[in-house]
2 protein chains.
Amino acid sequence: MEILERKQRSREQTRTGIVLTAKEIARREGWQAVSIRKIADAIDYSAPIVYEYFDSKDVLLDEIRNEGFRHLRQEYERIRHVYRDPEKRLFEMSVGQWQFAIDHPEIYQVMYNLDGAYCTLPVCESSEMEAVSAIIREILFSFIPKSKESIQKLYFEWWSLSHGMITLAMMLRDHQPLEQSEQVYRESIRRFVRGLR
Amino acid sequence: MEILERKQRSREQTRTGIVLTAKEIARREGWQAVSIRKIADAIDYSAPIVYEYFDSKDVLLDEIRNEGFRHLRQEYERIRHVYRDPEKRLFEMSVGQWQFAIDHPEIYQVMYNLDGAYCTLPVCESSEMEAVSAIIREILFSFIPKSKESIQKLYFEWWSLSHGMITLAMMLRDHQPLEQSEQVYRESIRRFVRGLR
DNA sequence: GGCTAATATTAACACTGTTAACTTGCCGAT
DNA sequence: ATCGGCAAGTTAACAGTGTTAATATTAGCC
C-alpha cells in the first residue's frame, strides 16, 4: 500500500522533503514558480499538509534562508580553522561566499530577496545572519583593532563589495562568463584586503 | 480631428495614470501588493482596461524600469555638463545614483528585481540601461584610456561597489541611519575614484 | 433617430495562499 | 467482534492574482 509506505516516512523526512522540493523548483523555475500546491504534488500530498510543517509560505522561506546562513557560517568556521593569517582568512571567506552564491543561487536569492524571491520576515533580525557577520567582524578586528563603529563600517564596505559583485555577476551571467567575473571578484577582494593594513 | 487629439490626450493621461498608480502602491505597500485590479480601481476603471495600455503586467514593470534608467541617464548627462574633471564627474554621478535610489526606492527595486519586484524581461538587454552604462564607461575611459576589457572591468567594479552599498544600506535602514550609510558610501566612492589614477 | 465603431464592463479560467469541514483508516476498550 | 475516538489526509471553499472572451454601453456620423 502506498499509504503505508507514506506513513513509514517519518515527520522529519517529510519536512526536509518540503524544503528540498521548494529549493528544487526554485532552482529550476525561479522562486516565483514555487507554490504550496506544487510542493505538495511533488511530495505526493495535498496542499494543507504543508501547513502541518510550516505555518506559512513565509516561514518556509525563512527556514531556507536561515539554513543558508548556517551553511555559510559553517564554511566560515572551517576556513577559520584552516588558516591563521587574517588576510588569508578574509580572502578565503570572501571566495567562500562567492562559491556559495554560485553553487546555491536559489538560496542566495531567498537570503536577500533577489529575483522574485520574497520573504517578508526581516533578514536583519535573524540570529543566524548575526552569527555570520560576527565572524567577519571578528576577523576585521583581529588585524585592525579599532572601535566598534570602525569595524561596522569596514564590515559594511566588505559586504557591499562582495554582495554587489555577486549580484551583478549573476545578472550579467549571459553577457560575461562567470569565470571572468570571479577573476574580477578575487582581484577586488584582494585589493580590499591589502588596503586594510 | 480635434476630437482625435483630445482622445489622444486622454489616452496619454490614463496611461501615465496607470504608471503613476503602480509606483504609488509599490512605494506604500511594496511591489508584491501591486495588482492590476488595484491599479484599475485607483484610476476608476475595470481591470481589462489596463490591458489596452500594457500587454501584460511584465510590460508595465518594464516601462517603469526603463523610465528609471532614462531618469538616471538624464541626471548623468546633467552632471557631465556641469563638471569637466573626470574624477568629479564620476563622484557626482555616483552620488546621483545613491540619491536616485533613496528618492525612488520603488523604481530602483523594479530596475534590479529587488524586494519582491519581479519583471521577467531581461534588464541587460534594455537599451536604456546600455545608454546609462555607456556614460560611465566613457568617463572611466576619459581618464584611463585602456582597452575595452579593462574599462568593462572597471565599470563592473564601480557598479558593484555602488549597487552593493545601496542595496545593503536599504536593507540595514532600520539598524543604521541612511545618513551614516551615505557617509560610508561617499568615502568608498572617493577612495575608488582616487584609486583610478 | 438609427447604424456603426469605439469603449468599457462582466464573467470566466486557471492559478495563488490559506483555512474549515469532512472522510478515512487504525488502535485500544468493551 | 464491535464500537468509540483519534489522528492523518483529503476535499471544498474563500479571497485574491494575471489574463481573456463575450457582452454591454456609449459616442459620433449620416
Side-chain angles (χ1 to χ4, degrees), chain A residues 1-15 17-19 21-23 25-26 28-65 110 113 115-121, chain B residues 1-19 21-22 25-26 28-65 110 113 115-121:
Chain A
M1 270 301 176
E2 230 180 41
I3 293 160
L4 283 178
E5 251 175 62
R6 265 182 351 209
K7 280 207 167 159
Q8 279 166 353
R9 292 202 308 235
S10 74
R11 257 190 86 84
E12 278 312 309
Q13 273 175 332
T14 312
R15 202 187 146 86
I18 292 172
V19 172
T21 306
K23 291 192 284 189
I25 300 172
R28 280 202 319 266
E29 312 172 47
W31 278 105
Q32 212 169 39
V34 175
S35 81
I36 300 289
R37 277 178 183 83
K38 231 185 266 185
I39 295 172
D41 277 3
I43 60 169
D44 284 317
Y45 274 117
S46 61
I49 285 296
V50 176
Y51 289 87
E52 306 258 322
Y53 297 87
F54 298 96
D55 282 350
S56 68
K57 193 182 178 182
D58 238 36
V59 171
L60 169 59
L61 296 198
D62 194 51
E63 168 111 352
I64 294 172
R65 158 189 291 174
V110 86
N113 280 351
D115 291 305
Y118 190 54
C119 173
T120 62
L121 303 187
Chain B
M1 281 304 161
E2 244 185 37
I3 291 161
L4 279 178
E5 261 177 50
R6 209 167 47 208
K7 275 192 183 172
Q8 199 70 17
R9 210 170 45 223
S10 152
R11 253 193 88 83
E12 281 309 313
Q13 274 175 340
T14 314
R15 202 188 147 86
T16 59
I18 291 171
V19 172
T21 306
I25 300 172
R28 278 202 320 267
E29 313 171 48
W31 278 105
Q32 213 170 37
V34 175
S35 81
I36 301 289
R37 280 177 182 84
K38 232 187 264 186
I39 295 172
D41 278 3
I43 61 169
D44 284 316
Y45 274 115
S46 61
I49 284 296
V50 176
Y51 290 87
E52 305 260 320
Y53 296 86
F54 298 95
D55 283 350
S56 68
K57 194 183 178 183
D58 238 38
V59 171
L60 169 59
L61 295 197
D62 194 52
E63 169 111 353
I64 294 172
R65 158 190 290 176
V110 86
N113 280 351
D115 291 306
Y118 190 55
C119 174
T120 63
L121 303 187

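First the proteins, then the strands, lettered A, B, ... as listed; each starts at 1. Every heavy atom of this structure was used, including side-chain atoms; hydrogens, water molecules and symmetry mates were not.
In this structure, B/V19 and B/F54 have side chains that are in contact, with non-hydrogen atoms separated by less than 4.5 Å.
Between B/A42 and B/T21, the shortest heavy-atom contact is CB-CG2, 3.3 Å. Minimum interatomic distance between A/I39 and A/A22 (heavy atoms only, all atoms of both residues): CD1-CB, 3.9 Å. Residues B/Y118 and B/L61 approach most closely at O-CD1, 3.4 Å, considering heavy atoms. The shortest non-hydrogen separation linking A/A26 to A/V34 is N-CG2, 3.6 Å. Between A/V59 and A/L121, the shortest heavy-atom distance links the atoms CA-CD1, 4.4 Å. When all heavy atoms of B/N113 and B/C119 are compared, the pair lying nearest together is OD1-N, 2.9 Å.
With rounding to whole Å, A/R11 atom CZ is found 11 Å from D/dA8 atom C1'. Rounded to a whole Å, the CG atom of B/D41 is 13 Å from the C1' atom of C/dT9. Atom CD1 in A/I49 sits about 11 Å away from atom P in D/dT11, given to the nearest Å. Taking atom OH of B/Y53 as the reference point, atom C1' of C/dA8 lies 10 Å away to the nearest angstrom. Nucleotide D/dT17 holds its C1' atom 11 Å from the CD atom of A/Q32, rounded to whole Å. Computed from coordinates, the A/Y118 OH to D/dT17 P distance equals 15 Å when rounded to whole Å. Rounded to whole angstrom, the span from the CD atom of B/E52 across to the P atom of C/dA6 amounts to 12 Å. Rounded to an integer number of Å, the gap from CG of A/D44 to P of D/dA8 is 18 Å.
Of the possible donor and acceptor atoms, none in the side chain of B/R37 sits under 3.5 Å from a partner among the backbone N and O of B/A47. Without hydrogens or angle criteria, A/K57 side chain to A/I36 main chain gives no donor-acceptor distance under 3.5 Å.
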Can you name the atoms? Protein N/O to nucleotides 22-24 of chain C N/O, anything below 3.5 Å, with the distance.
none

Letter by letter from the 5' end, nucleotides 12-18 of chain C scores (B base, S sugar-phosphate only, - none; protein heavy atoms under 4.0 Å) B---BBB
